[in-house]
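Please read the structure below before turning to the comments.
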Amino acid sequence: MVDDQRSAPLVRPPELRVEGERSASRLELFFDLAYLLVVAELASGLAEDLSWRGAAAFAGLFAVTWWSWVTVTLYANRFDTNDVVYRLAKLGSAAAVVGMAASVGDAVTFAACYLATRLLLFALYARAYRHVTDARDTIRLYLAGVGAGAALWAVSLAVDGPARAVLWTLGLLAEAAAPVLATRFGGGVPLHVDHLPERFGLFVMLVLGESIMSVATGVHDTHWAAGPIAVAAIAFVAVAAAWWNYFDLGGAAGKRRLEAEGDEQDSWVPDAYIYGHLPLTLGLALFAVGVEQYIVHPADDLPAGAGWALHGGMALFLAGTAGVVAGTSGRWRAAWPWPGAAILAVAAVGLADGLVEGLTPAVAIALTGGVVVATVLAGIRRQRRGRLRTAET
């Protein structure tokens, strides 16, 4: 391996890398660290403003952050050359993402940092367009999407208020259309179906880490008091169950479908797999914010909005899981009653938490945690009976 690195040229043209065995590179793992910072900063901001306005801002900025990660990951999935040019571009993108983390709350600086990631990605696609002639139909669509998105974000730097939010939304939509259009009009250039689920699994793990951090922070801030410790233990079980639900069941089922059909021309399976992860990861991030609030306030003094963060976040995670399962299988019934029924159960707990007097935070989080554990058990039962086919079966 060392000899290969020494003999490889420092600069080499991109090439299509959709075959053979691949795993996440060390550069990709380093790149992900920057996103951990952004998610942590967004969660901290939401904890200070648990209002509908704060939630809307959190969801919007999380979607921007998630999408910036997705687009760079999709490029790397097909064209990662690991030469000096690619490394410098990706390290530059990581630096811009660190800037996004440092500028949460400063819309202009945040937009400028995000725009920097778009310009670097556009340059990488332009380089790939020059050298990978077989993929030009696909690359052309990505260039159009990234270019249009970058232009709209650049214009947003000069405006304020609702107009800026509209331009950001239009920019994201322009970029998000590119992968979908590439499926239909991109000339059948597939994704690397081994590399993609590993990368998305790593991002899910990154967001799950926020819940673990919330457990530790909550216990620390309450000085190991008995009540918070009990709630923290329940929260940890719920987080572990969410991990199990994704990696062994829902995510594994989506991965199996991706590996079975995702490399076929005009297959919609990769699109369903990719976009289903937005509500899934957003829900986990919301849940992490709720977890810390429930640990710090184990009695009846929860701040307004903590309940919807906890229960709504878990319901959104389960909805994302259902979207991945149903979307990759092509049948909405594939997600019913597992895990679809669990979404309704968590929503019912959240409604009761807000309306029923005497329902303490400890009991409320225990009920939601119990639903997640029951969802895992139901998924295992479905898996054993052959009704849920995962990567391991």
Side-chain angles (χ1 to χ4, degrees), residues 28-73 90-118 120-121 153 156-157 160 164-165 168-169 171-172 200 202-221 235 239 277-296 303 305-306 308-310 312-313 316-317:
E28 287 178 308
L29 299 178
F30 181 80
F31 179 71
D32 290 351
L33 293 177
Y35 286 90
L36 180 63
L37 296 176
V38 185
V39 174
E41 287 298 319
L42 291 176
S44 178
L46 178 59
E48 296 175 2
D49 182 15
L50 282 166
S51 64
W52 288 113
R53 182 176 181 177
F58 175 85
L61 293 177
F62 183 92
V64 171
T65 302
W66 177 83
W67 184 247
S68 71
W69 179 89
V70 168
T71 51
V72 176
T73 296
K90 192 142 188 175
L91 290 172
S93 294
V97 175
V98 172
M100 290 167 59
S103 60
V104 170
D106 182 349
V108 174
T109 307
F110 183 91
C113 291
Y114 179 78
L115 177 60
T117 69
R118 303 302 86 192
L120 287 167
L121 183 63
W153 278 80
S156 78
L157 296 175
D160 199 359
R164 176 184 290 156
W168 286 12
T169 302
L172 286 182
F200 274 82
L202 287 169
F203 193 88
V204 171
M205 192 71 77
L206 180 153
V207 182
L208 276 170
E210 282 299 309
S211 292
I212 299 299
M213 180 63 72
S214 294
V215 171
T217 301
V219 172
H220 174 270
D221 290 350
V239 175
H277 277 77
L278 175 55
L280 190 154
T281 51
L282 174 58
L284 286 176
L286 283 170
F287 181 75
V289 175
V291 161
E292 184 172 347
Q293 296 301 317
Y294 272 67
I295 295 173
V296 175
W308 63 255
L310 183 91
L316 193 57
F317 163 71

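Numbers here are sequence positions counted from 1. Model, not experiment: these values are computed from the prediction.
Under the 3.5 Å distance criterion, with hydrogens and angles disregarded, no donor-acceptor pair is assigned to the side chains of Asp106 and Ser103.
Using a 4.5 Å cut-off on side-chain heavy atoms (C-beta onward), Phe110 and Val64 make contact. A heavy-atom distance below 4.5 Å is not found between the side chains of His277 and Phe203. Within the 4.5 Å cutoff, side-chain heavy atoms of Val204 are placed close to those of Leu280. Counting heavy atoms from C-beta on, the side chains of Phe62 and Thr281 come closer than 4.5 Å. Between Met213 and Glu292 the shortest side-chain heavy-atom distance does not fall below 4.5 Å.
If you run side chain to side chain contact (heavy atoms under 4.5 Å, CB included) between Trp66 and each of Leu61, Leu278, Leu282, Thr71, only Leu278 comes through. Here the options are Leu208, Leu206, Val239, the test is side chain to side chain contact (heavy atoms under 4.5 Å, CB included), and the partner is Leu284; only Leu208 passes.
Across every non-hydrogen atom of Ala306 and Tyr294, the tightest pair is O-CE1, 3.6 Å. Looking at every heavy atom in both residues, Ser156 comes nearest to Arg164 through O-NE, 3.6 Å. When all heavy atoms are compared, the tightest approach of Phe31 to Ser93 is CE1-CB, 3.9 Å. The minimum heavy-atom distance between Val215 and Ile295, with the atom names listed, is CA-CD1, 3.7 Å.
Checking side-chain atoms of Ser214 against main-chain N and O of Ala288 turns up a donor-acceptor pair under 3.5 Å. The backbone N or O of Gly305 sits less than 3.5 Å from a side-chain atom of Trp308, completing a donor-acceptor pair.
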Quiz: residues 34-50 side-chain donor-acceptor pairs under 3.5 angstrom, not counting sequence neighbours:
unit_1, atom_1, unit_2, atom_2, d
Tyr35, OH, Ser68, OG, 3.0
Tyr35, OH, Trp69, N, 3.4
Asp49, OD1, Ser51, OG, 2.7

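Looking at residues two or more places apart in sequence or on another chain, you find a side-chain contact (heavy atoms from CB on, under 4.5 Å) between Leu202 and Ala24, Leu29, Asp32, Glu198, Arg199.
Distance check: Trp67 CH2 to Thr73 OG1 gives 10.5 Å after rounding to the nearest 0.5 Å.
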